[in-house]
Amino acid sequence: MSRILRLIAENDNEGQRLDVFVAAAAGVSRSAAQGLEVLSVDGRAVPKNHRVKQGDVYTVSIPDPSPIEAVPQDIDVEIVYEDDDLLVVNKPQGMVVHPAAGNPDGTLVNALLYKCSGRLSSINGKVRPGIVHRLDKDTAGLLIVAKNDTAHVRLAEQIQEHSFVRKYRAVVTGVIKNDCGTVDVPLGRSITDRKKRAAAPNAVGIKPAVTHYRVLRRYREHTYLELTLETGRTHQIRVHMKHIGHPVLGDPLYGGHADALGLKGQCLCAFYIAFRHPADGREMRFEVPLPEFFEKTLNKLERIGSYE
């Protein structure tokens with residue numbers, strides 16, 4: 001099955017490549033747009049490098065996505081804590097949290113389905129069982145997973161009421177002069193790139209987003225930060241740091257110089273979480289050491305020298 005879309009180029013689309021226009025207008029990735037046949041108003045196929053003009057009308061057929069279902073896989077993953085209601089996992093950099101297009105398996109969910117014999121909460125369906133909150137693929141650190149629906153609901157409520165504490169460490173580009181600060185900037189999906197998030201007016205579907213930070217150490221051209229989330233929007237820290245002119249080091253999506261200091265992704269780690277246990281309300285706190293890649297980055301920056 002597929003859906004047929006009729007796309008009309010607006011003034012803002014003038015001069016765009018056809019595949020860029022189709023990707024944004026149809027809500028698909030640019031690579032997916034390049035694989036679609038696009039027809040002009042008279043039914044002729046249009047090349048992907050065609051430049052659109054205001055008022056142009058195109059027809060495109062979008063095939064329905066193939067169904068994805070997570071399956072158990074014997075993949076090693078570090079369990080920091082486990083009981084009958086939840087697990088606390090230390091996710092490594094480079095691991096995707098749940099299956100999706102382009103990452104059908106090899107994810108944290110696949111590993112947990114095997115580890116827990118399928119005993120995970122069902123609230124998020126068959127693709128994201130147990131996932132209460134998530135981390136980006138290249139963000140390392142602590143993640144809570146619910147084993148049953150009651151635990152899932154109660155943990156999600158804590159996130160909504162901002163009593164669920166999440167602290168991160170990050171190295172960002174540039175030297176931040178203030179010792180601490182707050183970025184209170186609503187975020188949504190970028191209007192120019194569906195893979196990105198952005199701040200208004202360059203975004204749609206914006207929601208409140210608040211990140212608090214404090215400086216741990218300044219280097220010649222970088223700053224080592226501790227950050228606390230008040231909200232938990234997609235890519236929140238990464239977009240907020242870019243917004244204030246200090247993108248996370250190694251972040252290929254938001255301008256943090258992907259190859260800097262040998263990094264293979266953003267230098268960002270969720271090192272601390274605190275919450276109330278969903279069954280009995282007792283305070284739970286967990287902290288993990290920084291991963292090896294993060295420590296190596298700090299050591300390299302120390303050799304380069306501190307900010308003076």
Side-chain angles (χ1 to χ4, degrees), residues 12-13 16 19-33 65 91 93-103 107-108 124 127-128 131-143 156 159-160 162 164 166-174 176 181-213 223 225 227-258 260 263-270:
D12 291 345
N13 307 124
Q16 286 183 339
D19 52 355
V20 174
F21 165 69
V22 169
V28 300
S29 67
R30 185 171 175 182
S31 60
K91 187 187 83 67
Q93 185 184 53
M95 175 177 271
V96 175
V97 170
H98 60 79
N103 294 284
T107 72
L108 178 63
N124 280 335
V127 176
R128 296 184 294 163
I131 300 303
V132 181
H133 65 115
R134 60 183 294 276
L135 295 175
D136 298 330
K137 174 184 177 181
D138 287 326
T139 298
L142 293 169
L143 192 73
I159 293 176
Q160 290 295 319
H162 308 311
F164 187 106
R166 286 168 286 179
K167 294 185 179 182
Y168 292 69
R169 296 277 172 86
V171 176
V172 300
T173 60
I176 296 179
T182 296
V183 186
D184 186 351
V185 178
L187 302 177
R189 185 180 293 278
S190 169
I191 60 176
T192 59
D193 187 338
R194 66 182 299 272
K195 293 182 179 179
K196 292 184 177 182
R197 294 300 190 270
N202 300 312
V204 295
I206 62 171
K207 295 180 179 180
V210 181
T211 304
H212 307 284
Y213 68 85
T223 307
L225 297 176
L227 307 106
T228 302
L229 292 182
E230 187 170 314
T231 57
R233 309 304 176 198
T234 301
H235 298 179
Q236 179 173 313
I237 289 175
R238 299 164 66 189
V239 179
H240 271 169
M241 291 300 99
K242 175 181 174 61
H243 182 77
I244 65 172
H246 297 280
V248 178
L249 181 65
D251 189 341
L253 199 58
Y254 297 105
H257 311 299
L263 288 166
K264 296 181 179 179
Q266 59 267 13
C267 195
L268 180 62
C269 174

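Source: prediction; values computed, not measured.
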Exercise for review: To the nearest 0.5 Å, tell me how far Leu108 CG sits from Ile131 CD1.
Suggested key: 5.5 Å
Exercise for review: Nearest 0.5 Å please: distance from the OH atom of Tyr168 over to the CG atom of Leu229.
Suggested key: 5.0 Å
Check your understanding: Okay, side chain of Ser190, backbone of Thr192: is any donor-acceptor separation there less than 3.5 Å?
Key -> yes
Check your understanding: At what distance, to the nearest 0.5 angstrom, does CD of Gln266 lie from CZ of Arg238?
Key -> 4.0 Å
**Study point:** Candidate pair Met241 and Leu225, rule side-chain contact (heavy atoms from CB on, under 4.5 Å), full reasoning
**Key:** CA-CA 11 Å; Met241 291 300 99; Leu225 297 176; 3.8 Å; yes
Study note, to complete from the structure: Residues passing the side chain to side chain contact (heavy atoms under 4.5 Å, CB included) test with Ile206, sequence neighbours excluded, are Pro186, Ala200, Ala203
Exercise for review: To the nearest 0.5 angstrom, please state how far the CG atom of Leu268 sits from the CG atom of Leu263.
Suggested key: 11.5 Å
Check your understanding: With His235, which residues qualify under ring-ring contact (aromatic ring centres under 6.0 Å, His included), at least two apart?
Key -> Tyr254
Review point. Does the side-chain contact (heavy atoms from CB on, under 4.5 Å) test come out yes or no for Met95 and Lys137, once each step is laid out?
Key: CA-CA 5 Å; Met95 175 177 271; Lys137 174 184 177 181; over 6 Å; no
Practice item. Give the minimum heavy-atom separation between Ile159 and Val132, together with the two atoms involved. Key: CD1-CG1, 3.8 Å
Point to revise | For the student: nearest non-hydrogen atoms of Leu227 and Ala170, plus distance | key: CD1-CB, 3.6 Å
Check your understanding: Mind checking whether Arg169 and Cys267 have side chains closer than 4.5 Å, heavy atoms only?
Key -> no
Practice item. Would you give the length of the straight line joining atom CG of Leu187 to atom OG1 of Thr211, rounded to the nearest 0.5 angstrom? Key: 7.5 Å
Practice item. Identify, with sequence neighbours excluded, every residue that meets ring-ring contact (aromatic ring centres under 6.0 Å, His included) alongside His243. Key: none
Point to revise | Residue pair His240 / Val185: nearest heavy atoms and the distance that separates them | key: NE2-O, 2.9 Å
Exercise for review: With sequence neighbours left out, write down each residue that passes side chain to side chain donor-acceptor pair (under 3.5 Å) with His162, or none if nothing qualifies.
Suggested key: none
Review point. What residues form a ring-ring contact (aromatic ring centres under 6.0 Å, His included) with Phe164, not counting sequence neighbours?
Key: His133, Phe275
Review point. Distance from Lys196 atom NZ to Asn202 atom CG, nearest 0.5 Å?
Key: 11.0 Å
Review point. Of all residues at least two apart in sequence or in a different chain, which pass the side chain to side chain donor-acceptor pair (under 3.5 Å) check with Gln16?
Key: Asn13
Exercise for review: Mind listing the closest non-hydrogen atom pair of Arg134 and Thr234 along with its distance?
Suggested key: NH1-CG2, 4.3 Å
Exercise for review: Go through the steps to decide whether Thr139 and Lys91 satisfy the test side-chain contact (heavy atoms from CB on, under 4.5 Å), and finish with yes or no.
Suggested key: CA-CA 8 Å; Thr139 298; Lys91 187 187 83 67; 5.5 Å; no
Review point. Step by step, would you call Val172 with Tyr213 a side-chain contact (heavy atoms from CB on, under 4.5 Å)?
Key: CA-CA 11 Å; Val172 300; Tyr213 68 85; over 6 Å; no
Check your understanding: So, Asp136 side chain and Asp138 main chain: donor-acceptor pair closer than 3.5 Å or not?
Key -> no
Point to revise | Closest contact, heavy atoms only, Thr223 versus Ile176 | key: OG1-N, 2.9 Å
Point to revise | Least distance between heavy atoms, Val210 atom then Gln236 atom | key: O-NE2, 2.8 Å
